[in-house]
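Data first, discussion second: the structure below is written as structure tokens.
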Number of protein chains: 2
Amino acid sequence: MAALGRRSVREREGLFLAEGPQAVREAVRFRPDLVDEIFVETAAATRHADVVATARDAGLAVREVTADVLAAMCDTTAPQGLLATCRPLDVPLADVDLSAVRLVVVLTHVRDPGNAGTVLRGADAVGADLVVFSSGSVDAYNPKVVRSTVGSLFHLPVVVGVDVPDILAALGRAGITRLAADGGGDVTLPQVDLDRPHAWIMGNEAWGLPAQIRDACDEVVSVPIPGHAESLNLAMAATVCLYASAGVLRAP
Amino acid sequence: MAALGRRSVREREGLFLAEGPQAVREAVRFRPDLVDEIFVETAAATRHADVVATARDAGLAVREVTADVLAAMCDTTAPQGLLATCRPLDVPLADVDLSAVRLVVVLTHVRDPGNAGTVLRGADAVGADLVVFSSGSVDAYNPKVVRSTVGSLFHLPVVVGVDVPDILAALGRAGITRLAADGGGDVTLPQVDLDRPHAWIMGNEAWGLPAQIRDACDEVVSVPIPGHAESLNLAMAATVCLYASAGVLRAP
């Protein structure tokens with residue numbers, strides 16, 4: 001079961017791990033249809049009584065196990081006594097009704113699981129409609145990605161494994177403006193019209209977006225840096241862009 | 001020298017490590033007065049010729065060493081062939097002219113070096129005037145903190161080791177509004193007047209701000225979360241607050 005920490009095993013078994021009370025609670029609340037089994041450490045069952053009760057009410061199997069068994073199943077060293085095995089939640093791009101979408105985040109070749117998870121968490125925070133992990137990005141079901149989403153993975157539609165040109169083309173056909181987030185952008189964030197449906201295209205944490213992807217977007221947008229810092233990291237830049245999109249930082 | 005990775009040794013030696021080209025370049029450009037020595041891997045000297053030349057022009061000692069020697073000196077596994085030993089840059093709180101300060105960030109009991117460094121980087125990005133590491137926070141010279149500031153540590157005044165009540169009192173006396181960032185805030189970010197001098201008081205990544213600190217602040221402010229995410233992480237929340245403070249996300 002700890003083998004679910006490895007991508008090849010996850011793909012063969014068709015299950016991934018949600019570790020810890022926050023992730024398991026959100027899985028049970030938002031996507032009980034995807035939960036295969038829940039494992040709770042006997043000594044922690046009381047502490048997690050609310051999650052366990054909600055799971056049982058939803059007809060889910062809950063197994064009590066010892067701390068050693070749970071630790072052997074986990075990727076993390078501190079699973080806090082609770083984990084769930086879940087079926088993949090990604091949807092095919094063709095099944096997403098892009099005409100109803102207002103805000104999208106596309107991760108292109110993002111490799112660091114903590115960054116990817118944090119960006120997904122930010123997308124969920126502002127109520128984005130869709131997150132896309134391009135082919136070449138970290139596996140959305142990597143245990144570190146799942147952990148750093150803190151349950152947000154279960155909250156919104158996720159598409160995985162699409163080549164970047166294909167997702168850009170699909171967004172374009174749907175009339176969704178493609179905004180490449182790039183420190184060397186032609187325009188700065190406050191100059192961009194964020195009242196139309198749009199997608200933030202985020203690049204790799206080290207090398208950013210290649211020219212080919214930037215050129216295929218409608219606008220290349222940089223976050224203003226009025227101070228001395230040379231750049232923002234991926235998660236910071238995405239958070240700022242997403243909060244600008246949500247328009248919730250301005251007084252009404 | 002690798003022992004500089006440990007706080008006790010850093011304090012005894014009075015030096016800390018800036019690892020990698022970005023950190024060393026910013027140290028040389030912004031605070032050459034603090035640089036003790038620069039070490040460059042012989043094989044990387046050409047690649048880092050600009051930094052080395054700037055350092056020599058500033059009268060700094062540059063030593064060529066082998067990759068093994070450099071690796072033994074470093075905390076990181078990938079120092080990219082360049083590091084500097086630096087004298088501490090923090091200033092006593094009493095030496096800061098708070099009457100000239102418009103934007104401050106206070107890290108209270110922040111323990112994770114990556115979070116602390118990222119918040120400092122964000123403060124630098126928006127042009128904040130001061131960053132304070134409270135007593136009980138991670139050491140500002142921890143190699144992981146230094147690395148995650150990506151050079152920003154050398155860009156702005158930093159105060160370390162002050163007890164939280166003391167820094168809050170000093171800010172209050174100087175007429176700087178103390179804004180506690182807290183998910184359970186009484187007001188939301190767009191409701192706050194950010195045109196006056198103010199300080200963001202950021203809490204520990206796991207338990208946030210204790211009631212005692214919140215009560216000692218002028219306002220307790222939450223970042224709006226229009227979506228489903230339960231919370232933002234510390235670095236995301238700080239980035240959003242700081243960009244709201246900078247006022248650079250609104251069209252002019």
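The structure displayed is predicted, hence computed values, not measured ones. Every chain is numbered from 1 and lettered A, B, ... according to where its sequence line falls, protein lines coming before strand lines.
For A:T188, no part sits under 4.5 Å from any heavy atom of chain B, backbone or side chain. Looking at B:A235, there are no atoms closer than 4.5 Å to chain A (heavy atoms on both sides), in backbone or side chain. The parts of B:S231 that come within reach of chain A are both its backbone and its side chain, each placing non-hydrogen atoms under 4.5 angstrom from that chain. When heavy atoms are compared at a cutoff of 4.5 Å, B:S148 does not approach chain A at all.
Contact count versus chain A (heavy atoms, under 4.5 Å) is highest, among B:I225, B:V223, B:T149, B:V192, for B:I225. For the set B:L156, B:T239, B:V150, B:N233, the entry with the most heavy-atom pairs within less than 4.5 Å of chain A is B:N233. The residue among A:R121, A:H155, A:E230 with the most heavy atom pairs within less than 4.5 Å of chain B is A:R121.
At a threshold of 4.5 Å between non-hydrogen side-chain atoms, the residues A:R29 and B:H228 do not count as touching.
When all heavy atoms of B:A125 and A:L232 are compared, the pair lying nearest together is CB-CD2, 3.5 Å.
Atom OH of B:Y243 and atom CG of A:L189 lie 9.0 Å apart (nearest 0.5 Å).
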